[in-house]
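Quick note on labels: first sequence line is chain A, next is B, and so on, each numbered from 1.
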There are 2 protein chains.
Amino acid sequence: MTPLSPNASEPGVRRATITDVARLAGVGIKTVSRVLNDEPNVASATAERVRQAMAQLRWEPDLRARNLRRSDGRTHTIGLLVGSVTNPFAAQVNRAIEDAAAVRGSAVLTVSLDEDPEREIAAVAALTRRRVDGIALMPIAPSQAHLQAAMDHGLAVVCVDREPRGIAVDAVRSDSRTAATVATRHLLRRGHRRVGLLLDREDLWTAQQRRLGFLDALHAAGIDPTDCPILPGLRDAESSSMAAARLMRSDAPPTALFCGKNLITFGTVRALQHLGLQHRVALVGFDDFEFADLLDPGVTVVAQRPSQIGRLAAERLFARIERSDSRAPEAIDVPTDLIERGSGEIPPPAP
Amino acid sequence: MTPLSPNASEPGVRRATITDVARLAGVGIKTVSRVLNDEPNVASATAERVRQAMAQLRWEPDLRARNLRRSDGRTHTIGLLVGSVTNPFAAQVNRAIEDAAAVRGSAVLTVSLDEDPEREIAAVAALTRRRVDGIALMPIAPSQAHLQAAMDHGLAVVCVDREPRGIAVDAVRSDSRTAATVATRHLLRRGHRRVGLLLDREDLWTAQQRRLGFLDALHAAGIDPTDCPILPGLRDAESSSMAAARLMRSDAPPTALFCGKNLITFGTVRALQHLGLQHRVALVGFDDFEFADLLDPGVTVVAQRPSQIGRLAAERLFARIERSDSRAPEAIDVPTDLIERGSGEIPPPAP
DNA sequence: AGCCGGGATGACACCGTTGTCGCCGAATGC
DNA sequence: GCATTCGGCGACAACGGTGTCATCCCGGCT
């Protein structure tokens, strides 16, 4: 085996530059640049010499320097801001966007915001300094107006999962309101009259929409909303689990639950199992997840399509970046799919 | 509400540069630079004028230009190469590294390789052109020697989850061999004599180690390895599920299974449930996962500590980047935790 | 033979920042 | 009172590439 030079043996070799390549090939730097960029008007013999010099020196052009001067001004880098890369929904969106970016030769800078508005603002500033071509954002701050200055300088923006506020940009998300109506109606059709809704922070667009959809369904069925408790402000599985347990131990607990996002479903499923109620209380979750089908009972969900959302968002973003789309910003609804697995089909107890 | 200027209204304003700030503040550009970098020898009144000019123009310095000239040569950007950001293990590692990078003002370029060696090489080349300061890599290519040239130019590298080949760099990973031994011994102690091992591609270091650990345990218990089938080459949940089903339908199927990574566990759990064997065949998985405790039976696992692995990897990486650590490259073992939940404690059927 | 067009090429400015260095003026030392 | 320091500041080169433009050369056409 060949001897290995250790990690710490740095500066080592000075990195080759275009000047070194030019000198070795016996040409001017501009000719090297021409070869690198496949520009015309280079004799094939010259081009070959240049390519050999590049290979011999293992030269890789410096994209910072290149972008700095280039007329299109693009860095071929985009930013992705999500709640957390560990959230399965965000991870799927992330992957879809990464794939779309890779096809176009762009790299992705991913940032987890932990649903903190200040981190959204800080992250955007940091990405702006890096001159990313575009940003795909799951908005969390009360307003996205802080992006306007960067947009005036040509930054493209697309919002994912939630509607933006204070700026006019494309948005790609599930039709949360309709999805919530469908899920709630599904429970009501089984005869439930006391349905509980567990929700994320209500300053989020998604939570608002899902609440509206929930109420739409109650209204259509002529149900008194005051019989249907709404528990908002649930940020993670932990707090959701505690909230669900408290709710089920209350006087007149609901006979069915609708969970407004994946982490809430996780917590609620846990709570019901611990209380031994998983076969007595109906449950529909928002967002599909691994093993939803193998739990007992299987968890009925309104599944989002995160890959599709990510793919569409990336397409909009790159269309804006390449200025190939100058239509007015638009909101794109991605459909959801109700998947029946058992938990959502539990009937209310006989009166 | 204020009117919103649409996304497509680009070039719009020319972006302010340090020259604009200098002119507005009535100073030289170098003074602006000094204020920006908190360098000494600027009168406080002057600094204040400069800061006002910065704010007024909403100027954000261009990090590309800055890094290009700076003497330390750092871009404050690192690369992270994983199998896929949708894999929960990778996602946790990703998050830990992102957090460590954020503290140090570095951004993370994440790339999913889909376990494709060629993409590893291509991704490293792309990151090299971007002049990242370091790369955290879950190695997939047969050799990582392709990183040597970049390392000679100062690139820092740390390997995650798997051992590197062909280069000398730090590595942070679980002690797979010991973990596999512990898991296998756990099954053997319950009386199993025919234990099946389901494995990832055997060219991967982790799969090799887990196989060795498995055999170690058999050997120590005096068990004939030929009674214990090994199914390698399982890349995803799908193929694992099919392989597990085929195995259980064979003559003399094993009475216990050990799954060599998270996706294999997912597939195998599915297969056992579909065959109705989940309470008759013991199973231990590698890697913990959401709902492992709520399945029936609960899934016993050897849990890795992905956050810790990511954190330690990032610490090594930044130590190398900052040249604050010049020790020889080192392999760091992160312990695993056997978590008993039921599936691993199922005894073999009475003879 | 002289003119012209265009392919091949390099000199040089430039992108937006930081590093080097020199200049100026005020404070300090003797 | 004069040399010496030093704080404050800007001119200019440099980072590693690309854009612009001038130049050279050669073949084809009058």
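Under the 3.5 Å distance criterion, the side-chain polar atoms of B:Thr77 are matched with a main-chain donor or acceptor of B:Thr75. Side chain of A:Ser33 to main chain of A:Ile29: no donor-acceptor pair is present (N/O by atom type, distance under 3.5 Å, no hydrogens or angles). A donor-acceptor distance shorter than 3.5 angstrom exists from the side chain of B:Glu120 to the backbone of B:Ala141, with no hydrogens or angles considered. In terms of modelled atom types and a separation under 3.5 Å, the side chain of A:Asn37 and the main chain of A:Glu39 share no donor-acceptor contact. Within the 3.5 Å criterion, the main-chain N or O of B:Ile78 finds no donor-acceptor partner in the side chain of B:Asp133. Proximity of a side-chain donor or acceptor of A:Gln144 to a complementary backbone N or O of A:Pro139 within less than 3.5 Å is not detected.
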Only pairs under 3.5 Å count here: list side-chain donor-acceptor contacts from residues 48-56 of chain A, not counting sequence neighbours, and write none if there are none.
unit_1, atom_1, unit_2, atom_2, d
A:Arg49, NE, A:Ala25, O, 3.1
A:Arg49, NH2, A:Ala25, O, 3.2

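If you walk DNA chain D from 5' to 3' and mark each nucleotide with an atom closer than 4.0 Å to a heavy atom of chain A, the marks span D:dG16 to D:dT20.
Less than 4.0 Å separates DNA chain D from no heavy atom of any residue of residues 42-50 of chain A.
Between B:Arg14 and B:Asp20, at least one side-chain N (NZ, or NE/NH1/NH2) sits under 4.0 Å from a carboxylate O, which counts as a salt bridge. Ion pairing between a basic and an acidic side chain is recognised when a charged N comes within 4.0 Å of a carboxylate O; B:Asp72 and B:Arg74 show no such pairing.
Between the CG atom of B:Leu147 and the CG atom of B:Asp152 there is a distance of 10.5 Å, given to the nearest 0.5 Å.
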Could you pull out the protein-nucleic contacts involving nucleotides 4-6 of chain C (nitrogen or oxygen on both sides, under 3.5 Å)?
none

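Not counting sequence neighbours, the partners of B:Asp114 by the salt bridge (charged side-chain N to carboxylate O under 4.0 Å, His left out) test are A:Arg95, B:Arg119.
Side chains of B:Val160 and B:Val82 form no contact here, defined as non-hydrogen atoms less than 4.5 Å apart.
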query: Reading nucleotides 14-23 of chain C 5' to 3', which nucleotides get B (base under 4.0 Å from a protein heavy atom), which S (sugar-phosphate only), which -?
result: BBBBBBB---
